[in-house]
**Student:** 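First the structure, then my questions, so here it is.
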Amino acid sequence: MIDLADRAFDPHALVSRFVRTAQGAGAIATFIGLVRKDGAQHVEALYLDCFPGFTEQEIDRTIQRTIRKFELIDAMVVHRVGMVSVGEPVVIVATAAEHRRAAFAACDFLMDYLKSEAPLWKKQIGRDGEQWIEPTSQDYEDRARWR
Amino acid sequence: MIDLADRAFDPHALVSRFVRTAQGAGAIATFIGLVRKDGAQHVEALYLDCFPGFTEQEIDRTIQRTIRKFELIDAMVVHRVGMVSVGEPVVIVATAAEHRRAAFAACDFLMDYLKSEAPLWKKQIGRDGEQWIEPTSQDYEDRARWR
Amino acid sequence: MVTVLFFGPLADLMGRERTVALASDRETAGMILRRLEDENELFQSMLAKTRVKIAVNNQIVSAACVISDGDDVAILPPFSGG
Amino acid sequence: MVTVLFFGPLADLMGRERTVALASDRETAGMILRRLEDENELFQSMLAKTRVKIAVNNQIVSAACVISDGDDVAILPPFSGG
């Protein structure tokens, strides 16, 4: 399941529903990304741009590939778009598997994908102005681990 | 935070509270372990034995060590003891960090610890009788990754 | 007519979309992009500093993809989500 | 007197705790364990198949740890949580 949410969501309600529907799962891994008040940049919010339709299509394709690759029972991505304030969740990923290694690895894999290969564009809005963000070299290295 | 719970808990309420108190976190990783209806064994429940006082003390010591090792903001373990039915959560681990690599690694590390080194004893109760479980060779291998 | 779509930093400069007429029936995505660069120095200098991908009707294509009347051509700067 | 505590599969066999008198003031945890094995063949055969740890007053110790009157001696079979 992929959802692009244009307003604040409750990650716990989403995970709760995900767990209820993941029949037969023994292991649920989740990741919640929150907007951090980056000290040096005085970040006040993020703005997330997307390509409606295309962004969901591409993320969903990767979710289906991840389910096959790690033999998951299910996987979910919910990502905010538009303005997201400091402290708010910007992304949640959840994976359900029989055993924990697959659930952990798949969750990690999906986050690495979202950071550098999903059609999303992130702008930092801070006290000192705005700045579009490109993935860090660490993000690219993280992604390259799966090749 | 370590809690040994002798009745069913709501993992989502626990994570929700954990996220609210983890000030400055950009990354929350969680793991929820559920009792699986193991097909071959016809598992109906698990029974978890513990050494009250000692079990909490040892798990808490590892939580504190994990916080230092991975430079976490916080970490939480809630583990069921007593009878746990199929489909119910038996364990939840949550870790909060500035960045996602540390949160993922620490959550994975704590689960590997709980599987083979925390003072807990797990009995499978199935249609065909009861059986005390020892960690699998995979559990020992997983734990050895961190040495 | 072709709709060219811009995202992220490119949308700040160009707006979300522009409608352009095809110069020929063999015009490629790359050729349309070059025409837009010729018309706008700021756009040109942004493209010089970054690597874009192109999607035609929601499929990623190469710059050599020949564009047809009615196509959507999306110009995608480097992705950064999460 | 010393309280010996049993957990997991050992508790199924021995109950949660037993009170034993110290045989001497130099008796070790290992010696107490051997006495219990001598009294109970099933316990002996369980210990032959598994490796236990010993905790005295909530601290893991070696089998050579000398036990004092009033100590709690916990016999811990292999752990398995999660």
Side-chain angles (χ1 to χ4, degrees), chain A residues 10-39 43 46 73 84 86-112 114-115 136 138-139 141-143 145, chain B residues 10-39 43 46 73 84 86-112 114-115 136 138-139 141-143 145:
Chain A
D10 177 357
H12 316 298
L14 291 168
V15 173
S16 175
R17 194 172 59 196
F18 179 77
V19 172
R20 274 200 308 279
T21 60
Q23 288 295 320
I28 310 281
T30 78
F31 180 84
I32 304 169
L34 304 160
V35 181
R36 250 174 1 107
K37 191 185 203 76
D38 187 317
V43 173
L46 293 182
I73 291 162
V84 192
V86 161
E88 286 185 353
V90 62
V91 61
I92 180 155
V93 172
T95 56
E98 286 192 23
H99 299 287
R100 72 186 186 288
R101 290 254 63 71
F104 272 129
C107 195
D108 199 3
F109 176 85
L110 278 169
M111 274 309 302
D112 284 348
L114 290 169
K115 282 281 174 181
T136 62
Q138 182 66 54
D139 290 328
E141 278 169 38
D142 288 345
R143 185 69 186 140
R145 293 181 302 152
Chain B
D10 176 357
H12 316 297
L14 290 168
V15 173
S16 175
R17 195 172 56 196
F18 179 77
V19 172
R20 274 200 307 280
T21 61
Q23 288 295 318
I28 310 281
T30 80
F31 180 84
I32 304 169
L34 305 159
V35 182
R36 253 174 357 109
K37 192 187 203 75
D38 188 316
V43 173
L46 294 181
I73 291 162
V84 192
V86 162
E88 285 185 355
V90 62
V91 60
I92 180 154
V93 172
T95 55
E98 286 193 21
H99 299 288
R100 74 187 185 287
R101 290 254 65 71
F104 272 129
C107 195
D108 200 2
F109 176 86
L110 278 170
M111 274 309 302
D112 284 348
L114 290 170
K115 281 280 172 181
T136 62
Q138 181 69 53
D139 289 329
E141 278 170 37
D142 287 346
R143 185 69 186 141
R145 293 181 302 152

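Residue numbers start from 1 in every chain, and the chains themselves are labelled A, B, ... in the order their sequence lines are given, proteins ahead of strands. Remember, predicted model here, so these are calculated numbers, not experimental data. Heavy atoms only: backbone and side chains are in, while hydrogens, waters and symmetry mates are out.
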**Student:** Could I get the full list of ring pair (Phe, Tyr, Trp, His ring centres under 6.0 Å) partners for F18(A), not counting sequence neighbours?
**Tutor:**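 Once residues adjacent in sequence are excluded, F18(A) has no partner under the ring pair (Phe, Tyr, Trp, His ring centres under 6.0 Å) criterion.
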**Student:** Relative to chain A, which segment of E98(B) carries a heavy atom at a distance below 4.5 Å: side chain, backbone, both, or neither?
**Tutor:**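 Both backbone and side chain of E98(B) come within 4.5 Å of chain A.
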**Student:** Out of V15(B), V19(B), D10(B), D108(B), return the one with the most heavy atom pairs under 4.5 angstrom to chain A.
**Tutor:**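 The residue among V15(B), V19(B), D10(B), D108(B) with the greatest pair count is D108(B).
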**Student:** Which answer fits V86(B), side chain, backbone, both or neither, if we ask what part of it has an atom under 4.5 Å from a heavy atom of chain A?
**Tutor:**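 For V86(B), no heavy atom lies under 4.5 Å from chain A.
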**Student:** Side chains of H99(B) and Q138(A): closer than 4.5 Å at any heavy-atom pair?
**Tutor:**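 They are not in contact (no side-chain heavy atoms under 4.5 Å apart), so the answer is no.
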**Student:** Can you find a pair of side-chain heavy atoms, one from R100(B) and one from D139(A), that are under 4.5 Å apart?
**Tutor:**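 SC-SC contact between R100(B) and D139(A) confirmed.
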**Student:** Does anything in residues 26-34 of chain A reach chain B? List residues with heavy atoms under 4.5 Å apart, or say none.
**Tutor:**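 Listed by number, the contacting residues are G26(A), A27(A), I28(A), A29(A), T30(A), F31(A), I32(A), G33(A), L34(A).
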**Student:** Are D112(B) and R101(A) ion-paired here, with the side-chain N under 4.0 Å from a carboxylate O?
**Tutor:**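 Salt bridge present between D112(B) and R101(A).
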